[in-house]
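To find a chain, count down the sequence lines: A is the first, B the second, and so on, and within it residues start at 1.
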Number of protein chains: 2
Amino acid sequence: MMTDYIRALSIDGVIFGFHENELKVLLLRWKGTDEWSLPGGFIRMQESVDVAAQRVVQERTGLTQLYLRQFHVFGDVNRYDQVDVWRRAGLSFDERDMWPRAISIGYYALVEYSKVEPTPDHLTEACAWWSLDTLPNLLFDHNQIIEVALQSLRKELNEQPIGHLLPEAFSIPELQRLHETILGHALDARNFYKKTIASGDLERLPERRRGTPHKAPFLYRFRPLEPV
Amino acid sequence: MMTDYIRALSIDGVIFGFHENELKVLLLRWKGTDEWSLPGGFIRMQESVDVAAQRVVQERTGLTQLYLRQFHVFGDVNRYDQVDVWRRAGLSFDERDMWPRAISIGYYALVEYSKVEPTPDHLTEACAWWSLDTLPNLLFDHNQIIEVALQSLRKELNEQPIGHLLPEAFSIPELQRLHETILGHALDARNFYKKTIASGDLERLPERRRGTPHKAPFLYRFRPLEPV
DNA sequence: CCAAAAGTGTTACACCTACACCCATGA
DNA sequence: TCATGGGTGTAGGTGTAACACTTTTGG
C-alpha cells in the first residue's frame, strides 16, 4: 500500500559496477518509453532510511551484503522540469499528483558486476548497465545525482583503497585499473603498489592468477575487519 | 498552517559559535520544562531544503548570509525512546501523533557568536548558548547529532582553514585558538602560520589589533571569492 | 624466443613536525 | 623593565611523485 510509505521523501540509488575497465551504473527504462532513470523507492513507515536504501538496491540487483553510502540530499524545489519529465516518463495527469514535491536521499552502492541480476520494478521494463561515459539524458535530475555520487566516491577513494567493485580475490594491477577508472587518470604502478600494500588493508592469497598470457600476478583480498 | 509543510521530514540545525575559547551550540528550552534540544523545523511545500535550513537558523539567530553545510540524514526507525521524549518535552498524547516518524536532515551552521540574537520558537521559551563540553542530556537523539556534526566539521577543517566563527577581521593566533578548540588539541604556532598563509585564503589588513597588553598582531580576513 | 604484463628501488620534492629565540606592547 | 603573547626560520622525517629495468608467462 502506498500509504505504508513516507511520501515526498524518496531514495535514489547510484549502483556502481566495474566491467571491462569501465565504470557502470545500473539504470531502469520506463514502461513504453525510451527514457531511463536511476532506481529509487520510498521509505516504509516502519523502516530505517538506511534499510530502505538497502532494499532498493537489493531489489534491483539481487544482492545482499551491500556496500552503501549516503552521500547527499537533493531537495531543491525545482530540481527538474516536472512537466517535461511527466511527459517523457509516460505518466498521466492523475499520477502526477503523486509527486507534489520530491526530495531524494542519494545513496551509492559498490557492487560486483558479475553477481548482479538486473531487475526492473513495477514502473519499468528494463534494467541494464550503462557506461558512465555514454549516459543518455536521464529522467529527473539523475544525471546530476550521478555526477555528485561520482565526486563523493572519488573523495572516498582518496582516503582509502576501495575494492568492493571487484571479485573477492584480485590482483594489484586490477585494483589499479579500477582506481584509475574511477579517478579518471593514470596512476604510477610502483607507487600504487607501495601505497596499497602499506595501507595494511590487503592480504596476499597463496595462489596467483593463472591463465593469462603473461606473468602470473599475486592475488589479494581485503583483510577482514578486526572484531571489536 | 501545518499542511503547508512536508511532515515526517525535518531539519535539525547545529549552530556553532565560538566565545572565550570555547565552542558553543545554540539550544532551545522547551516550555515548562528543563529540557533542551537543537533548533529545528519543517520544510515548506514550496521551499528548497537548503532554504528551509537557512530559515531555521535565521529565525533562531537573526542572521542572514549563513555558512551552512548539510552533513547527514538521521533516519533510523528507533532514533530515540519516543515515549520518554514525549514525557520530557511536556507533550500530550494528541500531539504525539504529529510524529508518527521522524527523519531529520542535519545541517551545521558556523556563525559569529556576538552577532547572534538567540530567539526561541513557539514550542520553547529560552534560546541560549551551551558549551560543547558541558552539554546536558538533550531531547531526541540530539546529543548524537551534535557529535556527528562536530566530526564533519573537523573533517572540513582538515581540508581548509575555516574562519566563519570569528569576526571578519581576526589575528592568526585567534584563528589558531579556534582551530585548536574545534580539533581538541594544541597546534604549533609556527606551523599554523605557514600553513594558513600558504593556503592563500587570507589577506593581511593594513591595521593591527590594538589595545592588548602585548605585541599588536596583524589582522587578516578571508580573501573574497574570485568572481567566476 | 618473443610479446606483454608483473614486479621492484632510488631519488627528488612537498608537506608536516619539532623546536628556540627575538620583538613589540601596555602596565 | 618586565611579563606576556606575537612573530619568524631551519632541520628532519614522512609520504607522494617521477622515473627504467628485470622477471615471468603463454603462445
Side-chain angles (χ1 to χ4, degrees), chain A residues 18-22 154-163 166-167 169-221, chain B residues 18-22 154-163 166-167 169-221:
Chain A
F18 185 64
H19 185 60
E20 292 180 343
N21 285 340
E22 287 193 324
R154 283 180 178 159
K155 200 166 180 181
E156 192 183 350
L157 201 59
N158 286 324
E159 292 167 8
Q160 50 173 325
I162 291 178
L166 296 174
F170 51 85
S171 70
I172 302 290
E174 284 162 4
L175 184 64
Q176 182 183 340
R177 284 191 288 274
L178 168 63
H179 281 224
E180 286 175 335
T181 304
I182 294 175
L183 294 175
H185 59 82
L187 298 170
D188 181 274
R190 282 160 291 194
N191 297 333
F192 189 81
Y193 256 84
K194 276 177 292 187
K195 193 172 158 180
T196 51
I197 299 299
S199 78
D201 293 338
L202 299 184
E203 66 183 11
R204 187 189 277 194
L205 300 175
E207 330 86 59
R208 292 165 176 248
R209 178 171 309 295
R210 319 306 310 272
T212 71
H214 310 299
K215 184 169 176 177
F218 292 106
L219 289 176
Y220 292 79
R221 65 167 180 159
Chain B
F18 185 64
H19 185 60
E20 292 180 343
N21 286 339
E22 287 193 324
R154 283 180 179 159
K155 200 166 180 179
E156 193 183 349
L157 202 59
N158 286 324
E159 292 167 9
Q160 49 173 327
I162 291 177
L166 296 174
F170 51 85
S171 71
I172 302 291
E174 284 162 5
L175 184 63
Q176 182 184 340
R177 283 190 287 273
L178 169 62
H179 281 224
E180 287 175 336
T181 304
I182 294 175
L183 294 175
H185 58 83
L187 299 169
D188 182 274
R190 281 160 293 195
N191 298 332
F192 188 81
Y193 257 84
K194 276 177 293 187
K195 193 172 158 180
T196 51
I197 299 299
S199 77
D201 293 338
L202 299 185
E203 65 183 12
R204 188 188 278 192
L205 299 175
E207 331 85 58
R208 292 165 176 248
R209 177 172 309 296
R210 320 305 310 273
T212 72
H214 309 299
K215 184 170 176 178
F218 292 107
L219 290 175
Y220 292 79
R221 65 166 180 161

(message) So, does B:Y193 get its side chain near the phosphate of D:dT8, meaning an N or O under 4.0 Å from OP1 or OP2?
(response)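 Looking at the OP1 and OP2 atoms of D:dT8, neither is under 4.0 Å from any side-chain N or O of B:Y193.
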(request) Could you tell me whether the side chain of B:L175 reaches within less than 4.5 Å of the side chain of B:F192, counting heavy atoms only? (result)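 Yes, side chains in contact.
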Rounded to whole angstrom units, what separation is found between the [atom1] atom of [X] and the [atom2] atom of [N]?
X      : N      : atom1 : atom2 : answer
B:R209 : D:dG6  : CZ    : C1'   : 13 Å
B:E207 : C:dT25 : CD    : P     : 15 Å
A:I197 : C:dG7  : CD1   : C1'   : 11 Å
B:F170 : D:dG5  : CZ    : P     : 21 Å
B:K195 : C:dT17 : NZ    : P     : 7 Å
B:D188 : D:dG5  : CG    : P     : 17 Å
A:N21  : C:dA5  : CG    : P     : 11 Å
B:E174 : D:dG5  : CD    : P     : 13 Å

(request) Return the minimal non-hydrogen interatomic distance between B:D188 and B:Q176, and the atom names on each side. (result) C-NE2, 4.1 Å
(message) Within the 4.0 Å heavy-atom criterion, would you say B:T212 contacts the bases, only the backbone, or no part of the nucleic acid?
(response)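 If one applies the 4.0 Å heavy-atom cut-off, B:T212 turns out to touch the sugar-phosphate alone, with no base involved.
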How long is the straight-line distance from [atom2] of [Y] back to [atom1] of [X], given to the nearest 0.5 Å?
X      : Y      : atom1 : atom2 : value
B:L202 : B:I197 : CG    : CD1   : 5.5 Å
B:F170 : B:R177 : CZ    : CZ    : 12.5 Å
A:K155 : B:K155 : NZ    : NZ    : 7.0 Å

Distance-only donor-acceptor test, [X] side-chain atoms vs [N] base atoms, 3.5 Å:
X      : N      : value
B:R190 : C:dA20 : yes
B:H214 : D:dT4  : yes
A:K215 : D:dT22 : no
A:K194 : C:dT10 : yes

(message) If you assign A:N191 and B:I172 each to the DNA chain D nucleotide with the nearest heavy atom, which residue ends up on the more 5' nucleotide?
(response) B:I172
(request) Specify the residue among A:P213 and A:R204 whose closest nucleotide of DNA chain C lies further upstream toward the 5′ end. (result) A:P213
